[in-house]
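Letters A, B, ... are given to chains in the order of the sequence lines, protein chains preceding strands, and every chain is numbered from 1.
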Protein chains: 2
Amino acid sequence: MTASSPGLHGSVLDALGMRLVTDDLAPGRVLTLEAIAREYAVSRPVAREAIRVLQSMGMVASRRRVGVTVLPRSDWHVFDPLLIRWRLDSPERSAQLLSLSELRRGFEPVAASLAAERATAEQCSVLAAAASDMLVHGRAGDLEAYLDADVVFHRTLLAAAGNEMLRSMAGVVAEILAGRTHHGLMPSRPNPRAIELHDAVARAVREGDCAAAEAAMREIIDEAASAMRVELGE
Amino acid sequence: MTASSPGLHGSVLDALGMRLVTDDLAPGRVLTLEAIAREYAVSRPVAREAIRVLQSMGMVASRRRVGVTVLPRSDWHVFDPLLIRWRLDSPERSAQLLSLSELRRGFEPVAASLAAERATAEQCSVLAAAASDMLVHGRAGDLEAYLDADVVFHRTLLAAAGNEMLRSMAGVVAEILAGRTHHGLMPSRPNPRAIELHDAVARAVREGDCAAAEAAMREIIDEAASAMRVELGE
DNA sequence: CCCTTGCAAAGATCAGATCATTTGCGGCAG
DNA sequence: CTGCCGCAAATGATCTGATCTTTGCAAGGG
């Protein structure tokens, strides 16, 4: 997902962001801009600019005579790609992936349904080709290439939904899929049923069958959840 | 939803944000910090800080020797509460509400299902009370009080899901509900069926019946969509 | 035409200063 | 003792001037 700015601004922002996410800077903690500038050996504007961004993310609040107070997590803008990034890079990676997975259970079937109404001919082609690639690479046990095809499939589907908010979830899905593949939560050979279901989604989309697309997508997600439970030895 | 900072920073940020959203500053357009500072009659750091926030929202990119370029909308972080706010306050209010409604179709049934697993006793009480309030105020035709109870219901349900991302959607739902009430898209007396369905969700949640909660929530949303189509004369 | 070099434009950062707001403390009055 | 008011100090908000860094563009040469 997102990376932040190069330069001092970006590094101070990332450093503070990570400390917030790891509770090194716990809610209620008060810093001053002066102290931040000193600690990171940067000038005050650099500290200010980083704090401005964190403020816009609901993570801190600035008050005169008080300083910069860390806000409760319930105020944080949890959809911010920077925050998602920091959480994924922190000890709470699993928790973030779980949250994202639960969220995905909601939005992706709806995206499939909307895609069945709105997909372009080209998008239908890309979906069909990606499903085919998944079959080929799944058979060959090439998990990395399977992942690539899987990501292309979902990104295209989310774009085909014609809703910019759903489309922007492509990064989330990519993280979930990559997380599964890269943390040994993926069977050595993907379940053929999963591949069939992807194909079923692609078919339903090009046939304009909303209900079928949605149902198949739901099954894909349920299958992935079961497969992950198996890999976790539950 | 969110309001931005007081002071010059907040006003410059809002002004620029609105101009971006309304395409007054169209993608590809290039500004300089110098020009922004001059135009808004503020010092350079104020302009810089506003641009920093817009940058972190994916709306602009700064390059030396070029200036500040407006990025394509596909780069914008569409879940940012500030951006949602600006869009809702702009001529594209309807489009934003539609996007949010489509999104809601995805996440709220999942929230209901998770709430059935995770709700506290107190949350169950609040849900029951809110559903009761909706009945009372709906009967009396007091749409404003009905809206309040409706918002409390959904906010509580989203919190009961125990997923911080779903919980943060409470603002979205409130906007959708308020948008309906305040733009004459709400029948003068709410459909008793809608109220029954809210009660069904509340019941399913306290009984821990995930599937029933999810199904009833789905019906609530579908009913709301039909009701809105009726009001729009479709 | 392509590559290299140099210059200038504009962001990034630093430093110093002033202004504005708010909080905390002390003193006074009831 | 408690509450209210005033003042000073703390810290963010903003301004101004300067320097550093990066990079885009133009010109020249092969």
Give a yes/no answer on whether the side chain of B/R63 brings an N or O atom under 4.0 Å of OP1 or OP2 in D/dG24.
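Yes, B/R63 has a side-chain N/O under 4.0 Å of OP1/OP2 on D/dG24.
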Is the shortest heavy-atom distance from the side chain of [X] to the side chain of [Y] under 4.5 Å?
| X | Y | answer |
| --- | --- | --- |
| A/V46 | A/Y40 | no |
| A/I51 | A/L16 | yes |
| A/V152 | A/D148 | no |
| A/L71 | A/M59 | no |

Could you state the atom-to-atom distance from [atom1] of [X] to [atom2] of [N] in whole Å?
| X | N | atom1 | atom2 | answer |
| --- | --- | --- | --- | --- |
| A/L13 | C/dT13 | CG | P | 12 Å |
| A/L8 | D/dT22 | CG | C1' | 14 Å |
| B/L33 | C/dT13 | CG | P | 12 Å |
| A/R64 | D/dG12 | CZ | P | 10 Å |
| A/E34 | C/dA17 | CD | P | 14 Å |

B/H9 side-chain proximity, nearest of D/dA9, D/dT14, D/dG24
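Comparing D/dA9, D/dT14, D/dG24 against the side chain of B/H9, the answer is D/dT14.
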Determine, for A/E175 against A/R87, whether the closest basic-nitrogen to carboxylate-oxygen distance falls under 4.0 angstrom.
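No salt bridge links A/E175 with A/R87.
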Determine the interplanar angle of the B/F79 and A/F79 rings, folded into 0 to 90°, and report it as parallel if under 30°, tilted if 30 to 60°, perpendicular if over 60°.
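Ring orientation, 0 to 90° scale: parallel.
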At a heavy-atom distance below 4.0 Å, what parts of residues 35-59 of chain A sit against DNA chain D?
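Of all residues in residues 35-59 of chain A, the ones placing a heavy atom under 4.0 Å from DNA chain D are A/R44, A/R48, A/R52.
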